[in-house]
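One structure below.
Numbers here simply count residues along the sequence, with the first being 1. Bear in mind that the values here come from a model prediction, so they are computed numbers and not experimental data.
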Amino acid sequence: MNRLTGSDGAPALAILGPQATRLVKELDLVFAGWGVAAGAEEISAPPLFPVTDLEKFDVYTNFPQLAWVAGSLDLTDDQFKPVEGRFGPGAVTEARYGLPHATCYGAYLFHEGAEVADDTLVTLVNRCFRNEDHYGGLRRLASFQMREIVALGSHQHTQQVLARSTERIQAFAAALGIELAKVPAGDPFFRNDNGRALLQKLSPVKYEFQYGDLAIASVNTHRNFFGERCGIRLESGEHAYTSCVAFGLERWLAVLTEHFDADLDAALAAVRAAADPS
């Protein structure tokens with residue numbers, strides 16, 4: 001059993017029970033393993049970044065409605081005391097840190113100003129945060145875990161990673177008996193870049209894998225957007241291209257809970273079997 005909580009009774013946050021935790025950890029091992037098997041190195045990122053870092057990616061221009069920011073409490077005039085379960089606007093000092101809504105930002109900031117090989121690959125998992133207009137338990141949370149496999153390097157390399165990952169996602173879902181639809185979707189990073197926005201219209205840069213109306217994984221190509229914003233270059237001097245594969249772990253949990261009629265032990269056994277078909 002899981003416990004949902006949130007401000008004003010909204011089911012915005014989940015405390016996972018033992019069975020759900022085991023299943024989520026197993027899913028994360030599977031997805032991370034795909035990256036490691038392809039040559040990825042794992043890195044670890046913090047759950048929040050300076051606003052100046054996230055601002056480089058147009059986070060606050062493209063999706064201000066999703067953003068969460070953090071500041072310390074103003075300790076004057078007893079403003080450190082919450083009133084009716086909340087702090088008022090004047091109780092918080094300048095918000096200099098932002099909570100990311102995607103995991104891959106840590107990969108680009110880690111390589112900022114660096115030169116990378118044409119076939120660089122990393123994987124990482126992090127907490128992501130989204131200020132949604134509504135919440136729906138494990139299907140839509142304010143804070144959730146996202147595992148990503150991130151490719152940096154040549155354009156060919158970034159596309160090969162997406163192609164291999166697409167095959168693995170589809171094969172894994174089929175082995176679990178889950179039907180996923182691959183659906184083109186919009187990409188937030190290019191909204192304020194007319195050239196890339198045009199390319200997106202000509203050729204979709206983001207595909208979601210949907211179970212019904214719920215996206216549980218995606219493959220994303222960014223061309224050299226992050227390479228330019230973070231000054232990441234190839235040996236040739238060209239800005240690096242990037243792509244990423246993302247897995248929403250709680251959303252996978254929601255789907256497997258439904259598919260296996262809440263028998264999480266059966267779901268765990270199925271995940272292990274699907275990950276090792278031999």
| request: Starting from the C-alpha separation in whole Å, work towards a yes-or-no answer on side-chain contact (heavy atoms from CB on, under 4.5 Å) for E148 and N220. | output: CA-CA 11 Å; E148 295 208 36; N220 311 266; 5.6 Å; no
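- Counting heavy-atom neighbours within 6.0 Å of E41 CD, excluding the residue itself, gives a total of 12 or less.
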| query | Going through the distances and angles, do K182 and I169 end up as a side-chain contact (heavy atoms from CB on, under 4.5 Å)? | reply | CA-CA 10 Å; K182 182 183 176 186; I169 292 169; over 6 Å; no
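- Taking all atoms of both residues into account, the shortest heavy-atom contact from P100 to R127 is CG-O, 4.1 Å.
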| request: May I have the step-by-step check of side-chain contact (heavy atoms from CB on, under 4.5 Å) for L176 and H259, ending in yes or no? | output: CA-CA 9 Å; L176 289 169; H259 185 68; 5.6 Å; no
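- Taking CD1 from I178 and CH2 from W252, the interatomic distance works out to 6.0 Å, rounded to the nearest 0.5 Å.
- In this structure the side chain of F209 never reaches within 4.5 angstrom of the side chain of S218, judged on heavy atoms.
- Between G106 and A45, the shortest heavy-atom contact is CA-CB, 4.2 Å.
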| request: Show the numbers, then the answer: is there a side chain to side chain donor-acceptor pair (under 3.5 Å) between T103 and R147? | output: CA-CA 7 Å; T103 290; R147 164 65 64 175; over 6 Å; no
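- Counting non-hydrogen atoms of neighbouring residues, nucleotides and ligands closer than 6.0 angstrom, the CZ atom of F49 exceeds 12 such neighbours.
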| Working for side-chain contact (heavy atoms from CB on, under 4.5 Å), residues D28 and Q145 | CA-CA 9 Å; D28 189 44; Q145 300 170 83; over 6 Å; no
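- Counted within 6.0 Å of CD on E115, heavy atoms from surrounding residues, nucleotides or ligands total more than 12; the atom is thus considered enclosed.
- Proximity of a side-chain donor or acceptor of N131 to a complementary backbone N or O of Q65 within less than 3.5 Å is detected.
- Of all the heavy atoms in L23 and A267, the pair that sits closest is CD2-CB, 3.9 Å.
- A ring-ring contact (aromatic ring centres under 6.0 Å, His included) with F57 is found for exactly one of F63, Y105, F225, namely Y105.
- Criterion: ILVMFWY side-chain heavy atoms under 4.5 Å apart, direct or through other members. Under it, V150 and I43 are part of a common hydrophobic cluster.
- The backbone N or O of G17 lies less than 3.5 Å from a partner atom in the side chain of N2, making a donor-acceptor pair.
- A 6.0 Å sphere centred on CD of E179 holds no more than 12 heavy atoms belonging to other residues, nucleotides or ligands.
- The pair E228-R223 fails the salt-bridge criterion, with no side-chain N (NZ, NE, NH1 or NH2) lying under 4.0 Å from an Asp/Glu carboxylate O.
- The backbone N or O of H101 lies less than 3.5 Å from a partner atom in the side chain of R130, making a donor-acceptor pair.
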